[in-house]
Every structure is written in C-alpha cells, then in structure tokens.
Amino acid sequence: MKTNVLMVCLGNICRSPLAEGILKSRVNPEKVHVDSAGTGDYHIDDIPDSRSIAVAKHFGLDISNQRGRQFQSEDFDRFDLIYVMDNFNFADVISLARNEEDKRKVKLILNEVFPGENVDVPDPYQGGEPGFEDVYKMLEEACEIIASKLTET
Ligand code: 4NP
C-alpha cells in the first residue's frame with residue numbers, strides 16, 4: 001500500500017518545497033507519495049522562493065514545478081504522515097485536527113534527527129542565502145531517516 005506524506009511550513013515556498021523535493025528524490029514514487037502545503041494563504045499557486053529553487057538545484061534537485069497551496073483539514077484524510085517544520089506549524093495544523101487519529105499523524109520533522117527535542121527548522125524567508133543551505137542540510141538529514149523508515153515498512 002502507498003504511504004502518503006505531507007510536508008508543511010508557513011508559506012509553502014521555502015522549507016516544505018525543499019522537504020518535498022528531497023524526500024521525493026529518496027523514495028520509490030510507486031510506494032510513497034509526497035506533497036507539501038503551507039498553513040498560511042500568502043503564496044497559493046506561487047512557485048517556490050528563488051533561493052529554495054537555487055539551493056535545491058545546487059544539490060541536484062529541480063523543485064521549480066511545485067506550486068503553493070494551503071493546508072486544509074481534508075489533508076488529514078489524504079495523508080498518513082504530516083511533517084511540520086516548526087512549533088508554530090505544529091500548533092496551526094493540530095488546531096485543524098478533527099480527532100485524535102488526525103493529531104497522531106502530525107510530527108515535527110527534526111524530531112526524526114533529535115527525538116523528543118522539538119527543534120524547529122528555522123524560517124529562512126527573512127534571512128539570506130546561507131540560511132537556505134543550512135535548512136537544506138537539516139531537511140536532508142531528516143528525509144534520509146524518513147526514507148529509510150519508509151523503505152523498511
Ligand atoms: P516558509 O517561509 O514557511 O518556509 O515557506 C515563509 C515564506 C513566506 C512567508 C513566511 C514564511 N510569508 O509570510 O510570506
């Protein structure tokens with residue numbers, strides 16, 4: 001059976017498009033479906049931030065075909081795992097959960113690397129280029145762990 005994984009940040013133009021692109025590059029698309037969304041409605045239908053597109057390209061990934069969309073409560077029906085980038089995203093997504101089963105799907109992505117520490121992927125939107133490379137590396141580490149877990153199952 002296919003596992004459906006959703007990556008969520010605030011704008012769906014910086015962090016979650018990178019997480020989507022990285023995880024997609026490390027899983028079998030016939031077994032794992034990966035998508036991303038933002039809790040906010042600022043960037044619906046927008047392409048990812050040019051700095052995210054550039055850092056992904058630097059590491060060999062093309063994320064320029066992605067488009068922004070807003071997280072909606074129906075996503076709890078469509079996805080098995082919902083990885084959020086920071087504690088604000090966590091609270092926003094949990095506030096849309098309809099039941100305990102929905103809530104159990106929501107995980108902070110860096111808890112894959114630092115279990116139980118509730119570390120945020122920093123929002124690089126206001127910062128410069130180096131922030132995007134740091135974010136890429138954090139997400140790459142997390143996605144490698146997620147990919148290996150999904151391959152085991
Ligand atoms: P993201 O970064 O959540 O990683 O996509 C942001 C992008 C845009 C905004 C906030 C965060 N914004 O307020 O427009």
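The first residue of the sequence shown is numbered 1, and numbering continues consecutively from there. Counting convention: from 1, in listed order, for ligands and their atoms alike.
Phe90 pairs by the ring-ring contact (aromatic ring centres under 6.0 Å, His included) definition with nothing, not counting sequence neighbours. Taking the ring-ring contact (aromatic ring centres under 6.0 Å, His included) definition, one finds that Phe59 meets it with Tyr136, sequence neighbours left out.
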Exercise answer, ligand 1 polar atom pairs (N/O) under 3.5 angstrom:
| residue | atom | partner | partner atom | Å |
| --- | --- | --- | --- | --- |
| ligand 1 | 2 (O) | Asp123 | OD1 | 3.2 |
| ligand 1 | 3 (O) | Leu10 | N | 2.9 |
| ligand 1 | 3 (O) | Gly11 | N | 2.8 |
| ligand 1 | 3 (O) | Arg15 | NH2 | 3.0 |
| ligand 1 | 4 (O) | Arg15 | N | 2.9 |
| ligand 1 | 4 (O) | Arg15 | NE | 2.8 |
| ligand 1 | 5 (O) | Gly11 | N | 3.4 |
| ligand 1 | 5 (O) | Asn12 | N | 3.2 |
| ligand 1 | 5 (O) | Ile13 | N | 3.0 |
| ligand 1 | 5 (O) | Cys14 | N | 2.9 |
| ligand 1 | 14 (O) | His43 | NE2 | 2.9 |

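Other members of the hydrophobic cluster containing Tyr42, listed by chain and number, are Leu10; membership follows side-chain contacts under 4.5 Å among ILVMFWY residues, whether direct or relayed.
A donor-acceptor pair shorter than 3.5 Å cannot be found between the side chains of Asn87 and Asn118. For the residue pair Asn89 and Asp92, no side-chain donor N or O sits within less than 3.5 Å of a side-chain acceptor on the partner. With 3.5 Å as the limit, one finds no donor-acceptor pair spanning the side chains of Asp80 and Thr3.
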